[in-house]
Every structure is written in C-alpha cells, then in structure tokens.
Amino acid sequence: MSEPKFTPRVFSGIQPSGGLTLGNYLGAIKRFVSMQDENFETVYCMVDLHAITVWQDPEDLAHNTRELAAGFIASGISPEKSILINQSQVPEHAQLAWIFNCVARMGWMGRMTQFKDKAGKNTENVSLGLFAYPALMAADILIYHATHVPVGEDQKQHLELTRDIAAKFNHDYGVDFFPITEPVIEGAATRVMSLRDGSKKMSKSDPSDASRINMTDDADAIAKKIRKAKTDPDALPSEVEGLNERPEARNLVNIYAALNEQSVEDVLREVGGQQFGTFKPLLAELAVSKLAPISTEMARLMAQPDEIDKILAKGAAQAREITAPILKKTYEIVGMVS
Ligand code: AQP
C-alpha cells in the first residue's frame, strides 16, 4: 500500500470572543481531547484574529485568550500531546488567508449563513473581516495541511467552503497541494441550543447570560440556569421520536447524554416518564459534577498567566515548523519571487 500523501493531522479553534460555554465544550472540546489519543498530530488554537471581526475590548481579548487556553488545558488538552497556540502568534495563518481571499469567490462567501446571522440587516456596517472570516478559517486549517477538523454542527458550511477553496487552489495551479479536509461532527450534542430558546444556538455572545452555561459558572449558577431553562409541560418520552417538535426537551436530553457519555436512547430508557421537575435536578447535578473540576482547574491556571503565555509561545514555535514550509511552498506555487 502506498503511504498516504498527508500526515493525519487535526486542527481546530475557538474564538476568545467571550467565556467558554457548554456548547463549545460538548460540541468541540470533548472531541479535541479524545483525538489527542488517536492516530493524529493535533493542533488547537485560540482564534484571536477571528474574534476581532466583531469589536473586542483589548483587555478583554487578552484575558479571554488566556482563559480559553486555561479552559483547553483544564478540559484535558495536554500541551505535551498537542500544539496549543493563539492564532496571531503564527503569522502564516493570516498570510495564507490573503492568498485564499484571492481564491474564494464573492458568491461563495455571500452564501455563508453565519455571516448572514451575525450581520443581520446591518450588512453595510459590519467589518470586511466578518465577511472574509471563512477564508481565514480555511487558511487556519490548510496552513497545517490538516486532514480532520472536529467542530460543532454550525461550522459545517464553513468546512465545505474550506474544501472548495482547497479544490479550486489545486485546480487553478494544477497541483495536489492542499488536502480536502474531513469534518468531524460527532457526539450527542453537536448543536447545543440556548436554554431560553430551543431554536437558537447556545452562544458566548448571546446578550442573555441565562441562555448559556459558562464553563466558569459555579454550582449555584448552573443549577439555577437549568432550573429556569425553558421547557414544555409534558413528561419526557421513552423513545427518541417523542422528542420531535420538542426542541427544548431534546436539548436538555442531548446535554445529559453528552455529559454522561451515553446515547440519547439509553438516557430516555432511564428518564422516560419523568417530569422536568425531577429531570432538571438530575441534569444539574450531572453538569456540576462534570464541570466543577474543570472550572476549579481553570481558576488555578489563570492565577499563573505567565505559565499560560509560555505554553502559547512554545506552541507557536512548534506550529511554525509546520506552517512556514507550507507557506513557502504556497508562495512558490503562486509565483511569488523570494
Ligand atoms: N452551541 C453549540 N453547540 C455545539 N457546538 C458549538 N460550538 C459553538 N457553539 C456551539 C462549537 O465550538 C467551536 C468554536 O466556536 P467559535 O467560538 O469559534 O465560534 P461560534 O461557533 O460562533 O461560537 P459562539 O459561542 O457562538 O461564539 P460567538 O458568540 O462569539 O459567535 C466550533 O467548533 C463550534 O462549532
């Protein structure tokens, strides 16, 4: 058998645009952690350049970047097993993004639902960066020749665009240089919904703090948010089909299943027939037992910001061993004289 052309390599990132949420943890970080022990090189990133596509207070951005790094490590991402970086310390991300701005088509970018959601009716006033965001995301991934990208469901369209950009670059320049990346969207909670509205994604920038569980929330705050979570008056069903048309019930059951590493079917076998008054305290207890050790460790790490900065500096140096040669080769392919 011939050797695969590309080293199996995982890249994924999270924006330091606020604190980490349970959505980020269940949709992305849990899978980041498990992929470290599979047959991959793993690179995980605080995407600070993405965060500034909407306004970030500079002090908050620096704080959130370190806190996100602490969240990654506290959740089980080991700087010994993975390369851990903040995007702006590895300049090749932004350099490749410019090339990709010239590969991606306006029509492709205009179809991105995240841009439409975030820009709303305000398209004239949002930053150019928000529109170009998916080209930078493609560069984040492809500057590592990453083959696999674990993400939540909401990022599926951006990953399809990443594949389109890689394919167009390879086609236009007559090369087989960038891999066609595989999205990894797995688990019981690939789309965690707002606790206040089952039709909206749980998001760190939602103005309502009650809509999300933050990884830094204490036990009381978690219990209170779950107790107040929107539900319907019916008991939980015993079969998955019984969750149809019940988005809030489905969301809480999905969260329970993902936290307890069970299938939704198994959870419903145990809790089917229960009223929310019984199920919500069970869910709160489970959430606190899983999240409290992470938030305690995050607080410990955040007391030593210099240590976090050292980890990120080491990660950037390791990352550039991969990214610098890939950028150099890209420039050669494109015809840049060096
Ligand atoms: N609610 C969610 N359910 C499952 N996965 C989620 N992710 C985010 N929210 C959920 C996954 O977390 C990773 C990082 O996302 P991001 O921070 O880069 O951007 P985002 O998807 O736009 O997340 P937020 O929380 O909604 O941030 P803001 O509010 O700043 O836009 C991705 O893998 C994402 O799928």
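We count ligands from 1, going down the list as the structure has it; atoms in each ligand are counted the same way. Note: hydrogens, waters and symmetry copies are ignored here, and every other heavy atom, side chains too, is used.
Around the CD atom of E38, the shell of radius 6.0 Å holds more than 12 heavy atoms that belong to other residues, nucleotides or ligands. Counting non-hydrogen atoms of other residues, nucleotides and ligands closer than 6.0 Å to NZ of K156 gives a total of 12 or fewer. Around CD of E239, the count of heavy atoms belonging to other residues, nucleotides or ligands within 6.0 Å does not exceed 12. Around the NZ atom of K81, the shell of radius 6.0 Å holds more than 12 heavy atoms that belong to other residues, nucleotides or ligands.
Of the listed options K201, Q114, K204, K201 places a heavy atom closest to atom 20 (P) of ligand 1. For the residues V47, T21, V192, the heavy atom positioned nearest atom 3 (N) of ligand 1 is part of V192. Within the set M202, R31, Q56, the minimum heavy-atom distance to atom 9 (N) of ligand 1 is found for M202. Of the listed residues (S205, G23, C45), the one carrying the non-hydrogen atom nearest atom 29 (O) of ligand 1 is S205.
Residue contact check for ligand 1: S12 places no non-hydrogen atom closer than 4.0 Å to it.
Geometrically, ligand 1 and A28 share no nitrogen or oxygen pair separated by less than 3.5 Å. Of the polar atoms of N24, at least one N or O is found under 3.5 Å from an N or O of ligand 1, judged by distance alone.
Contacts with ligand 1 closer than 4.0 Å are made by side-chain heavy atoms of K118 only, the backbone lying farther away. With a heavy-atom cut-off of 4.0 Å, S203 touches ligand 1 through backbone and side chain alike.
Nearest to atom 34 (C) of ligand 1 among the protein's heavy atoms is D154 OD1, 3.3 Å. The nearest protein atom to atom 33 (O) of ligand 1, hydrogens excluded, is given as G152 N, 3.2 Å; this is a heavy-atom distance. Protein heavy atom nearest atom 19 (O) of ligand 1, with residue, atom name and distance: Q15 NE2, 3.2 Å. Of the protein's non-hydrogen atoms, the one nearest atom 30 (O) of ligand 1 is S17 OG, 2.6 Å.
In the hydrophobic clustering of ILVMFWY residues, with side-chain heavy atoms under 4.5 Å counting as a link, I213 and I14 come out together.
Contact annotation: the side chain of D140 approaches that of F11 to within less than 4.5 Å [non-hydrogen atoms, C-beta and beyond].
Using cut-offs of 30° and 60° for the angle between ring planes, the F169 and Y173 rings count as tilted.
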Steps toward side chain to side chain donor-acceptor pair (under 3.5 Å) verdict (S82, T42): CA-CA 5 Å; S82 293; T42 43; 2.7 Å; yes
